[in-house]
Engineer: 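My questions will all concern the structure given below.
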2 protein chains.
Amino acid sequence: MSRQPTPPQLLLENQLCFLFHRISRDLDAAYRPLLNELGLTYPQYLVMLVLWEQDGRSVGEIGQELCLDSGTLSPLLRRLQVRGLLERRRDPADERRVTLHLTRDGWALRRKARDIPESLGRKIVDDPAAYLQLHAQLTQIAERLEA
Amino acid sequence: MSRQPTPPQLLLENQLCFLFHRISRDLDAAYRPLLNELGLTYPQYLVMLVLWEQDGRSVGEIGQELCLDSGTLSPLLRRLQVRGLLERRRDPADERRVTLHLTRDGWALRRKARDIPESLGRKIVDDPAAYLQLHAQLTQIAERLEA
DNA sequence: CATAAATATATTGTGCACAATCTAATTGCA
DNA sequence: TGCAATTAGATTGTGCACAATATATTTATG
């Protein structure tokens, strides 16, 4: 039987990838109680961030911003629509496109979300300088992986 | 209407959390072609890593190692069993426990996985010193979030 | 010893992620 | 103009993640 000891690179504790995987789930769990009060999941919250920043974007534009395809976004957007947070309209200029438009309730939710980012940020790193350093380093890693 | 400009902390580009979310998915995508050749998904690969390191662990022990509950692990382990990579046995000493045991095929897969970690590691950071620094920083963040 | 509490795992239901496929609309070009 | 290629989005199917709940076994307690 091939029961040699496991080579060190196959040990879980040495793997950077698992740390990213794990932190991503930790963050999701940290967001959950806060977002529950807004009735949103984390990916739904991301879509709301994108629309709060610029309303009326299309499905494709949101997908590009969040690196998500229509298979993920279509049902997610339908749930936000059912909740009454946004409307979907066919773009008259290009009938293939569907644009999303926040409702009054969708805009109102922004006030309740205002304090979430800072609250979460503090859970990751305390020091603002470390925050910026890590942000820069991770941005570089993400872009490298997406290249 | 409440159409004040979005406060900066609600801007997607300023958020560390989204970077973690995004990198986690980028890594998943980077693993996919490599793991496809082994017929594994990334979470299945994590379970195999844990068992290669120490065979015969229980569902709960694996869950603790990977921070996963039985709702995720039960069906995942069943798929690995159906693939013939492991067997599940009721622990005779405690009939509530189910222990997992790699088959010959499960062990054989370790050889094919040997080069994956290094290949992935290089996609994240080139410099070994930077790898270690980031590993330490992320470990601290993960432990802080899980505290 | 009987039974209540705790523990280990499984099941169900919801939602995200992504590949593959499909439809409809638009664009390019011969 | 007419048709092929492209583009936008939706749908389907598989798998992960997690909350809530259920079941069976073990342990603790009176």
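Here is how names work: the chains are called A, B, and so on, in the same order as the sequence lines, proteins then strands, and each is numbered from 1. Bear in mind the structure is a predicted one, so any value in this text is a computation, not a measurement.
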Engineer: With sequence neighbours left out, what residues match R90(B) under salt bridge (Lys or Arg N to Asp or Glu O under 4.0 Å)?
Structural biologist: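 R90(B) satisfies salt bridge (Lys or Arg N to Asp or Glu O under 4.0 Å) with no other residue.
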Engineer: In whole angstrom, what separates L76(A)'s CG from dT11(D)'s P?
Structural biologist: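 It is 14 Å, rounded to the nearest whole Å.
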Engineer: Which ones in residues 87-98 of chain B lie close to DNA chain C, meaning a heavy atom under 4.0 Å from one of its atoms?
Structural biologist: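 Residues of residues 87-98 of chain B under 4.0 Å from DNA chain C: R88(B), R96(B), R97(B), V98(B).
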Engineer: Provide, to the nearest angstrom, the distance between the CD atom belonging to Q81(B) and the P atom belonging to dT9(C).
Structural biologist: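 From Q81(B) CD to dT9(C) P: 15 Å.
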Engineer: Checking T139(A) side chain against H135(A) main chain: does a donor-acceptor pair fall under 3.5 Å?
Structural biologist: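 Checked: pair present.
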Engineer: Test of understanding: clusters of I, L, V, M, F, W, Y form through side-chain heavy atoms closer than 4.5 Å, transitively. Do V50(B) and L120(B) belong to the same one?
Structural biologist: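 Shared cluster, yes.
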Engineer: Could you state the interatomic distance from CG (L109(A)) to CD (E37(A)), rounded to the nearest 0.5 Å?
Structural biologist: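 Reported to 0.5 Å precision, the distance equals 11.0 Å.
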Engineer: Would you mind telling me which of V47(A), V98(A), L100(A) makes a side-chain contact (heavy atoms from CB on, under 4.5 Å) with L73(A)?
Structural biologist: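 When V47(A), V98(A), L100(A) are each tested with L73(A), the side-chain contact (heavy atoms from CB on, under 4.5 Å) holds only for V47(A).
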Engineer: For D115(A), enumerate each residue passing the salt bridge (Lys or Arg N to Asp or Glu O under 4.0 Å) test, keeping only those at least two apart in sequence or located in another chain.
Structural biologist: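 Listed in chain order: nothing, the list is empty.
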Engineer: From CD of E146(B) over to P of dC18(D), roughly how many Å is that when rounded to an integer?
Structural biologist: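 About 11 Å, once rounded to whole Å.
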Engineer: Listed by chain and number, what are the salt bridge (Lys or Arg N to Asp or Glu O under 4.0 Å) partners of R25(B), not counting sequence neighbours?
Structural biologist: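 Result, salt bridge (Lys or Arg N to Asp or Glu O under 4.0 Å) vs R25(B): none returned.
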Engineer: By salt bridge (Lys or Arg N to Asp or Glu O under 4.0 Å), which residues pair with R88(A), not counting sequence neighbours?
Structural biologist: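 Partners of R88(A) by the salt bridge (Lys or Arg N to Asp or Glu O under 4.0 Å) criterion come out as none, since no residue qualifies.
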Engineer: Output the rounded distance in Å from CG (L100(A)) to C1' (dA10(D)).
Structural biologist: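 Whole-Å distance recorded here is 14 Å.
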Engineer: Near DNA chain D, which residues from residues 57-74 of chain A have a heavy atom under 4.0 Å away?
Structural biologist: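 Listed by number, they are S58(A), V59(A), G60(A), S70(A), G71(A), S74(A).
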Engineer: With sequence neighbours excluded, what pairs up with Y31(A) under the ring pair (Phe, Tyr, Trp, His ring centres under 6.0 Å) test?
Structural biologist: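 With sequence neighbours excluded, Y31(A) shows a ring pair (Phe, Tyr, Trp, His ring centres under 6.0 Å) to Y42(A), Y45(A), given in chain and number order.
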Engineer: Under the side-chain contact (heavy atoms from CB on, under 4.5 Å) rule, collect the residues that match up with T72(A), sequence neighbours excluded.
Structural biologist: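 T72(A) satisfies side-chain contact (heavy atoms from CB on, under 4.5 Å) with L68(A), D69(A) once adjacent residues are dropped.
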Engineer: Report the residues that fulfil side-chain hydrogen bond (donor to acceptor under 3.5 Å, both in side chains) with R22(A), sequence neighbours left out, ordered by chain and then residue number.
Structural biologist: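 Here the qualifying residues are E146(B).
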Engineer: Check DNA chain C against residues 14-33 of chain A and give the residues with a non-hydrogen atom under 4.0 Å, in numerical order.
Structural biologist: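 None, since no heavy atom is under 4.0 Å.
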Engineer: How about Q133(A): does its CD atom have over 12 heavy atoms from other parts shown lying under 6.0 Å from it?
Structural biologist: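 More than 12 within 6.0 Å, yes.
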Engineer: Considering only heavy atoms, which members of residues 37-51 of chain B lie under 4.0 Å from some atom of DNA chain C?
Structural biologist: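 Residues of residues 37-51 of chain B that come under 4.0 Å of DNA chain C do not exist, since none gets that close.
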Engineer: Can you tell me how far P of dT14(C) sits from CZ of R78(A), to the nearest Å?
Structural biologist: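 R78(A) atom CZ is separated from dT14(C) atom P by 14 Å.
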Engineer: Applying side chain to side chain donor-acceptor pair (under 3.5 Å), which residue pairs with at least one partner in residues 8-20 of chain A are found, sequence neighbours left out?
Structural biologist: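 Counting only pairs at least two positions apart or across chains, no side chain to side chain donor-acceptor pair (under 3.5 Å) contact touches residues 8-20 of chain A.
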